[in-house]
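This chain uses plain numbering: 1 for the first residue, then up along the sequence. For the numbers below, each heavy atom of this structure counts, side chains included, while hydrogens, waters and symmetry mates do not.
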Amino acid sequence: HEHRFKSLTIVPKEELVAYGLAKEKAPSLKQNKSKHVNAMEYHEMLKDKDAVVIDVRNHYEVDIGRIQPPEGGATFINP
């Protein structure tokens, strides 16, 4: 049986996406109240001018394309 890794370390993280915020200001996974939305709900949410979309995909995926919020709608952030 061949091992793929010499060793493996798993470390729990408070933050999956680095927002560049101080720990006390960064969104907590424990307080996350998000829910899955279908495509129709997502498109409706993009119309909200107070909504913020944070794209956490890699550069290659973003370059392929994204759904642009409508004029006057959500703010799109690509960290």
For A74 and P69 the tightest heavy-atom approach is O-CB, 3.4 Å
Which heavy atom in H36 sits nearest to a heavy atom in E41, and how many Å separate them?
-> O-OE1, 4.5 Å
By side-chain contact (heavy atoms from CB on, under 4.5 Å), Q68 pairs with (sequence neighbours left out) R66
Can you list the other members of the hydrophobic cluster that holds M40, where links are side-chain heavy atoms under 4.5 angstrom apart?
-> none
For residues K49 and G72, report the shortest heavy-atom separation together with the two atoms involved.
-> CB-O, 3.2 Å
Can you list the residues that meet the side-chain contact (heavy atoms from CB on, under 4.5 Å) rule with N58, with sequence neighbours excluded?
-> Y60, E61
